[in-house]
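Worksheet: the structure to be examined is printed underneath.
Order of the sequence lines sets the chain letters (A, B, ...), proteins ahead of strands, with each chain counted from 1.
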There are 2 protein chains.
Amino acid sequence: MSQTIRIASWNINSVRARIDIVERYLKEEAPDVLCLQETKVIDGLFPEGLFRQLGYRHMMINGQPMHHGVAIVSKVPLIHRKVEDWQANGEARHISAELNLESAKGIRLDNVYIPAGGDIPDREANPKFGQKLDFLTRMKDWSQSVKTPTILTGDFNVAPLENDVWSHRQLVNVVSHTRIECEHLAAIRDAGNWVDIARHFVDPSQKLYTWWSYRAQDWETSDRGRRLDHMWVTPDLTAKAKAHIVHKHVRGWGKPSDHAPIVTEFAF
Amino acid sequence: MSQTIRIASWNINSVRARIDIVERYLKEEAPDVLCLQETKVIDGLFPEGLFRQLGYRHMMINGQPMHHGVAIVSKVPLIHRKVEDWQANGEARHISAELNLESAKGIRLDNVYIPAGGDIPDREANPKFGQKLDFLTRMKDWSQSVKTPTILTGDFNVAPLENDVWSHRQLVNVVSHTRIECEHLAAIRDAGNWVDIARHFVDPSQKLYTWWSYRAQDWETSDRGRRLDHMWVTPDLTAKAKAHIVHKHVRGWGKPSDHAPIVTEFAF
DNA sequence: GGGGACTCGG
DNA sequence: CCGAGTCCCC
């Protein structure tokens, strides 16, 4: 018998400011594992109590003051915590663990928050953009080293395909959808033979977004979204993925994150 | 036939941040007139719509960016707006109007927010304390000029009597209850023969507070209050005042001001 | 637009 | 403790 495991990823834009909708989400959707990005909290102030109380007793957290911060909260036991520093500057942008499952041993889950990269898509004019490209390059090197079944998810801050943005033409020079970022992301994918689960289920001819700016007056009507959040798997896990959805309605809740959660259902 | 008019005063500590409890207060207690201090809003952003909708169609406002700001909102028509600058520095700390009543013409209502005065009760070490004393001195001069029936209310930031603070002994050197402030306030009172309505109804042997610090972990249990908010009347109005209460329960509402509203019922 | 940090004022 | 402002980041 296989075991159904639903794994979610959500850029929460402050887990403390968003505590009410995190609770609502876990009560209504109850994924088995939730990967969070932009927790914006040091480890000592991470709201472990809430997660434990909701049945997410296993947590791997990597926070820092102010910015960034990632965490995995899980009903499934987690072992072998690892942290990568792909930006080589100590920012808390990665956390990974192994799912300690009865039915499938040795599956790793890597949760990443790739740098946004600033406003100007130019290494010289904007050092943040260079740091983003360097981060992606180090992720490619890491990808080549991945030899075990792995799920790689998080806020990649890149919308690689034309239908991953509301207007390819208008965003082609906007950070997150520039050619060089898309190429860097493709290099990571190729280096690990990663399978983009969302596009495994939703044809690239269809628009698909996970993020809608706060600045739109009516995010739903204007629908100027981007697919910045991703769930990738090593090829050996492709057949285990049974469904993938974007929980778009969560973007409409009170005091929302600008990102919607994404969820993949696996049969392990 | 006389007309019953209830006049309230409340240091709201931001009328915008407190909009929900202002609405609740006006719905539950429905004073005829509400004097507000620390509105913390420029006139263009004052939430006139809410007050109008609740039946307070007459407003006199005096705001500024950031700090201070006072307003009178009223079901009773208001005329003859006046603003005093007792600090001589342009801060929005006073607004007054005449109540345009059928039964009693010519009653003025003066709403004042006296400076808090900083932490150190010393003119030299702390210029804010000097400014407060100067403000009180100018108010005394104004008091001498008051010749018509007048109600003077607001946040005076002085607790003049021993039972206006939770511990006279522990607060005698704390700004708001120092001897010099109490003397300055007494000089204002004497200059206008003002009657302290709260103490007209509540004997000075009884503790009476209108403010409880945010910093106490349990304001109600520790009850370390001070009577900073006052309602004074010219002697000709004393017999018109029929009751005075502190709406202490409002201090316990969600996201409260640190001040409770005070209300006097008049029969004009 | 909306986090968090900081500073100032109460 | 808790407003409001400013600045930085997304």
Of all the choices, [options], which nucleotide is nearest to the side chain of [X] once you look at every atom?
X	options	value
A:Glu38	D:dA4, D:dC10, C:dG10	D:dC10
B:His68	C:dG10, C:dG3, D:dC10	C:dG10
A:Tyr214	D:dC10, C:dG9, C:dG1	C:dG1
A:Arg93	D:dC10, D:dG5, D:dG3	D:dC10

Is it true that [X] and [Y] have a side-chain N and a carboxylate O under 4.0 angstrom from each other?
X	Y	value
B:Arg93	B:Asp85	no
B:Asp258	B:Arg215	no
B:Lys128	B:Asp122	no
B:Arg224	B:Asp218	no

Looking at [X], I'd like to know whether one of its side-chain N or O atoms comes within less than 4.0 Å of OP1 or OP2 on [N].
X	N	answer
B:Ser14	D:dA4	yes
A:Lys40	C:dA5	no
A:Lys255	C:dG2	no
B:Arg215	D:dC2	no

Problem set entry | First encountered from the 5' end of DNA chain C, between A:Asp258 and B:Ala116 |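 Between the two, 5'-proximity favours A:Asp258.
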